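Nothing here was measured: the structure is a model prediction, and the numbers come from that model. All values below come from the heavy atoms of this structure, side chains included, with hydrogens, waters and symmetry mates left out. Whatever order the structure lists them in is the order used to number ligands and atoms, beginning at 1.
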Amino acid sequence: MKKMTSAEIRQRFLDFFQDHGHAIVPSASLVPVDDPTLLFTNAGMNQFKDVFLGLGDRPYTRAADTQKCMRVSGKHNDLEDVGHDGTHHTFFEMLGNWSFGDYYKKEAIAWAWELLTEVFGLPEERLWATVFKDELGELETDEEAVAFWRSETKIDPDHILYFGRKDNFWEMAKVGPCGPNSEIHLDQGPDACDRRDDPDHVCRVNGDCSRFLELWNLVFIQYNKDEDGNLHLLPDKHVDTGMGFERLVAVLQGVDSNYKTDLFMPIIRRIQEMTGHTDAQVAENIVAYCVIADHGRAATFLVGDGVLPGNDGRNYVLRMILRRAARFGRKIDLTEPFLADVAKVVIETMGTVFPELANRRQFILTTITQEEERFLRTLDLGLARLDEELAELEERDVKVVPGDVAFRLYDTFGLPLEITRDVAGERGFEVDEAGYRAALDEQRRRARKADRFEIQDEETLKRYTGILADIQRDNLLGEEGVVHDPYLATELETTTAAILRDGKRVKSARVGDQVEIVLAATSFYVESGGQVSDTGFILAYPPEGDEPIWEIEVSGALQPVPGLIVHVGRVRRGRPKVGDAAWAVVGYERRMDIARNHTATHLLHSELRYILGEHVQQAGSLVTPDRLRFDFTHPAMLTEDELNLVTQSVNDAILVNYPVEVSREDYRQAVSEGVIALFGEKYGDEVRVLRVGWPGEPFSQELCGGTHVHETGEIGLFHIVSEESVGAGVRRIEAVTGRVAVELVERQIGILKRTAAYLGSTPEEVDRKALELLDELQSACKEIAHLQEKVARREFETLLDDVRTVSGVSLLSARVTAPSMDVLREMTDWFRDRLHSGVVALGTVLGERPALVVAVTPDLVERGVDAAKLVRGMAQIVGGGGGGKPALAQAGGRDPNRLDEALSQAPRMLEEML
Ligand SMILES: [Zn+2]
Ligand SMILES: [Zn+2]
């Protein structure tokens, strides 16, 4: 049979299950959407975890896919094994098929067999199956699976083996879904065993050698395990299978290493083109080739899923594998950035299966190259330093690199721990990794401490919790705490529940007191999600009349503990008391300014994604009444055209006057409908969704707790004030809207008009006029410089009268006017032009500081006259220093008042020298 390509193998797997009624679902992102326990998606079932836990469902009961997975434990061997054997990878694909309460063991076993033997043509007699038998005798043996292996397949009954909990029982966690599994192994024949020389080795399935390959794991989820370890049969039983794609391709292409399949060979060939190595040289350096191929592939997929290089978590992993690949590149003499070329091959070969690669091609290439360049700048320095450290340790006969040394190498030179470990390992050293982590933690602790307002120390938290409990006991609040609704009205009637002065509860307050006041209900927005708090007033009115009896001006609101909202302000009038009826009144104009900026932030986010690409993700946001600030991931500065386009698109969306709709929805439902949730934000089950656009066709939909305008037209005008970088791959846009934007535009037009008037021009022509004037100014400046030189030259001519003779040598020592050091030096040339033998010492004041130049003609240099010595001697007097050559030297100083004195010393100094 003709060898199948990897693309064909993947497609046949998917087609097979589609023909058997499965929905073919796209691979989930490598960044788990809402599973903070997971660094990376590492198995096909991750995206279905909620279904197995009974928390979610899908519109289908059968599914199949190929899932992108990353496994980087960071532990020694996993990473170091990449490239040293044919089976380890950081990034890999996992093929899988699932049943959610639909088919069970019979179909799962029958289809696995049919696919492997009939579609992929694997020889039946080489396949083995394992099933579960509890070595402790507590759990039921999976005779059900055995029966189906016998009835549904043509497997040799002697090839059905029983294994215990370690190999054949699967658990999601300590509690929750679990069940027996059945694995399919392939016997590659006795010659494939890599432990033939080991007398203790028993060559068999699960015998820990390379002869038997585990191909496919079929998991039968039939129990739920409770806290006490008891198993309960699930009403709905599920199937979860996983087959490592790279391994399957290696088997079907008949090669003994995954790296020899067509998944990796195109990458390795491309690297070979760059190094110009012969095949023999490639074989010699195969580890480097495999590491680069593996890491380059992983990095391409990570950036494709929006991960950027950085110092923490996922971002660190990406940085580490990119730098590790670059270091291995250095080992095969690749000194220029090359990883983008590796990524290009990955995108070309995988971009049709994983369209995010093709869609984000430019973003991926730029991000990878930037990180590589950043690293290459310090790589040699870092490696040289590591070299020194190792040599020193060697001398002291120490074999462990201290943790703080490894940490400094990362902190200063960007050498990730993993690279230090690689290099150290190659020279027979180990690294104290615990020490490294301690040093890293220490640095983070210091950084956190220095981090802005850490308002909530333990004491304060306790105090506020106590206050909340007190108020609740006094029945001043409902069970949930303060009723908080900033969305409906900006004014509401309520009662005062507590007044605090200097952090202590008081019964009342007086005019001038700075207080914290708690109301039973409030419409004040409390700072969160980047939107600042409202300000306004809290007022109490008498039963008759409209002059308030007391009034507090509120400058902000905070929520120190859940359920407690504290208004911070100053009493302006009267004597507020606990229990008083009061109005909470949010400053309406300011609230509207904030709302305009917040809705505009959503428009900006959506237009940036539309114009620059889907890789744009919010990285930070600030919404105030004056302006909005939006940070987002993007690898390059925005061009003038891009900025104009963004501004125009946002303003177009404002002019259309789209409705802005808010709804409360189930979190999962919202996210599955494509609502943007910010990564790293915590959301409850019920979320607030903000949509902008015509009903049913929103062009912006985000989870958001902020306050917004009702129609985009209320924003008025949107204007970008600045665009800048705030870190690797993160840009920041600041913009204004509404009143502030109008005011800004008016002010700038005013400036333009006045400028035009000053220049005797019109606003339309002012730029041309300004250019003309600049031109004129430039030629005038040139003319002035020319004249200055002429004047200096003339002045200099008269100075020649002052040339005196010291022991037969002509000396000119004088103070001159010179606009610059250059002219001062030039003057010494004029002197040498006129007097073919002599010494000249000139001084001037540049700015506030004295400057000196001494020149000596060659004949006198030969007689031992040294300009540098002379200038140094004179510089001492003006409190400075200098130097140069025997023929020409210069100096500067601090004291201009002693310049003449310094110059007057020249004859004496020259005399001494002669
Ligand atoms: Zn063996
Ligand atoms: Zn928002």
### Task
Decide, counting backbone as well as side-chain atoms, whether Cys704 has an N, O or S atom less than 2.8 Å from the Zn ion (ligand 2).
yes
### Message
Let's go through Glu702 and His605 carefully: what are the C-alpha distance in whole Å and the side-chain angles of both, what is the deciding distance for side chain to side chain donor-acceptor pair (under 3.5 Å) to 0.1 Å, and is it a yes or a no?
### Response
CA-CA 10 Å; Glu702 290 186 45; His605 187 186; 3.1 Å; yes
### Task
Check whether any side-chain heavy atom of Thr599 sits under 4.5 Å from a side-chain heavy atom of Phe718, and report yes or no.
no
#### Entry: Salt bridge Arg126-Asp187, side-chain N to carboxylate O under 4.0 Å
no
#### Entry: Arg596 with Asp593: basic N within carboxylate O range, under 4.0 Å
yes
#### Entry: the Zn ion (ligand 1): angle it makes with SG (Cys193) and SG (Cys203), nearest 10 degrees
110°
### Query
At the Zn ion (ligand 2), what is the angle formed between atom NE2 of His602 and atom NE2 of His598, rounded to the nearest 10°?
110°
### Message
For the metal site, I want the angle between atom SG of Cys209 and atom NE2 of His201 with the Zn ion (ligand 1) at the apex, to 10°.
### Response
100°
